[in-house]
Amino acid sequence: MILDQTLLPDQEKWLTIENTEQLIKVVQNLSVRGAPLLGLAGIYGLFYTAKLAKDYSHFLILAKEIRNARPTAINLSKMIDQELLKCVNTNNLDTLQEIFLSDAFALEKNLEKESLKISQHGLPVLETNDCVLTHCNTGSLATIGLGTALGVIKFAYSQGKNISVFFTETRPLLQGARLTSYELMQVNIPSTMIIDDAVGFFMQQKKVNKVIVGADRIAANGDTANKIGTYTIAVLAHENSIPFYIAAPTSTIDLATKTGNEISIEFRDPTELNPFIKKCQINSINPAFDVTPEKYITGFITEKGILKPPFS
Ligand code: MRU
């Protein structure tokens, strides 16, 4: 069962996913989203696929469809590839079901532990009276446990650091306005939502003095893909001498991707930008992610500590 993130914060509706087609649909429409959670959803998807596929070759075709459901977050394709390696030892779909289910449970536990460690390693980054800016949603809804960037923020506050938060609404699907606000309200951290375009204004006004965001894929050289608008925030942080951190599990680092130029960016339906587009037929384009060059990134807060690229 997944909490349908497209309906939050208005409705808390749980969806029961029982087959590959439903899984791909909820991944693509962002009912389930966030890089670490996509990896977990992928393994559960493999379990149902092994259960329902006609035979092993049918299973492989469907597994590939799950793998390619969203291209930018490495966690989905990486987890599927890792699981498919296990098929080298057996093609028996009953055995594979057992393997996938137990791996999904194990990953779930692991993600929770990783979230906590990321938050603990991020604690020294935040100081009392900091106002930290974050973008998109990187909390409990995007992973298991506390989250990544939002996890660092929530943990620091729970440890008595008197911090406040600015968060962007995150156009066009409003992961900030709908999801980050939902999570921040639950823990009562003093927080203020701003439009994406106001980031520069508040940095110039010295209302923001740190940035922590998540990641969908980190190249070996440190270039990082994250929600569209992250690159703009990083350049503005640099211009205003504000430290800019990425918080992510090391599983988001993709050593096979040497630099950000090789990261495949998801382009989504332009009608997400504006429901009137179809009617007035204005040309529009909707990239869901952008790549921040590593030179703008102060450090990577991971479950292994604060790291600097290049990664190996
Ligand atoms: O399109 P989304 O909502 O899946 O994008 C999510 C992000 O960009 C997050 O910042 C990223 O996945 C990290 S989640 C811990």
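Values in this document were obtained by computation on a predicted structure and should not be read as measured data. Quick note: residue numbers are just sequence positions, from 1. Order of listing sets the numbers, starting from 1, for every ligand and every atom in it. Heavy-atom basis, side chains included; hydrogens, waters and symmetry copies ignored.
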Check whether more than 12 heavy atoms from other residues, nucleotides or ligands sit under 6.0 Å from atom CD of E21, and answer yes or no. no

Between D196 and R171, the two heavy atoms sitting closest are OD2-N, 2.9 Å

For atom 8 (O) of ligand 1, what's the nearest protein heavy-atom neighbour? Residue, atom name and distance, please. D216 OD1, 2.8 Å

Residue pair I66 / L76: nearest heavy atoms and the distance that separates them: O-CD2, 3.4 Å

Considering only heavy atoms, which of L174, V213, N226, I228 lies nearest to atom 9 (C) of ligand 1? N226

I'd like to know whether ligand 1 has T148 as a neighbour, heavy-atom separation below 4.0 Å. yes

L255 CG to S312 OG distance, which is reported to the nearest 0.5 Å: 7.5 Å

Could you say whether the N/O atoms of Q175 and ligand 1 ever approach to under 3.5 Å? yes

Out of the candidates L30, L141, L174, only one should pair with L179 under the side-chain contact (heavy atoms from CB on, under 4.5 Å) rule; please name it. L141

Which option, G176, A215, S140, G34, owns the non-hydrogen atom nearest atom 13 (C) of ligand 1? A215

Out of all atoms in ligand 1, which are within 4.0 Å of some heavy atom of C136? Include the element for each. 5 (O), 6 (C), 7 (C), 8 (O)

Check: of R268, Q5, R33, min heavy-atom distance to atom 6 (C) of ligand 1 comes from R33

Residue, atom name and distance, where the atom is the protein heavy atom closest to atom 4 (O) of ligand 1: R70 NH1, 2.9 Å

Backbone, side chain, both or neither: what part of A35 comes under 4.0 angstrom of ligand 1, heavy atoms only? both

Tell me which protein heavy atom sits closest to atom 5 (O) of ligand 1, plus the residue, atom name and distance to 0.1 Å. K227 CE, 3.3 Å

Out of all atoms in ligand 1, which are within 4.0 Å of some heavy atom of F289? Include the element for each. 1 (O), 5 (O), 8 (O)

Looking only at protein heavy atoms, what sits closest to atom 14 (S) of ligand 1 is A142 CB, 3.6 Å

What residue among N129, D130, I153, L123 forms side-chain contact (heavy atoms from CB on, under 4.5 Å) with K161? L123

Check for me whether A288 has a heavy atom closer than 4.0 Å to any atom of ligand 1. no

side-chain contact (heavy atoms from CB on, under 4.5 Å) test vs F166 passes for just one of T134, V132, T192, namely T192

Mark up the atoms of ligand 1 that fall under 4.0 Å of a heavy atom belonging to P36, in ascending order. 14 (S), 15 (C)

Against H135, only a single residue in T232, I228, T230 fulfils side-chain contact (heavy atoms from CB on, under 4.5 Å); can you say which? T230

Going through the checks in order, is the side chain to side chain contact (heavy atoms under 4.5 Å, CB included) test met by L184 and F167? CA-CA 10 Å; L184 285 170; F167 64 98; 3.5 Å; yes

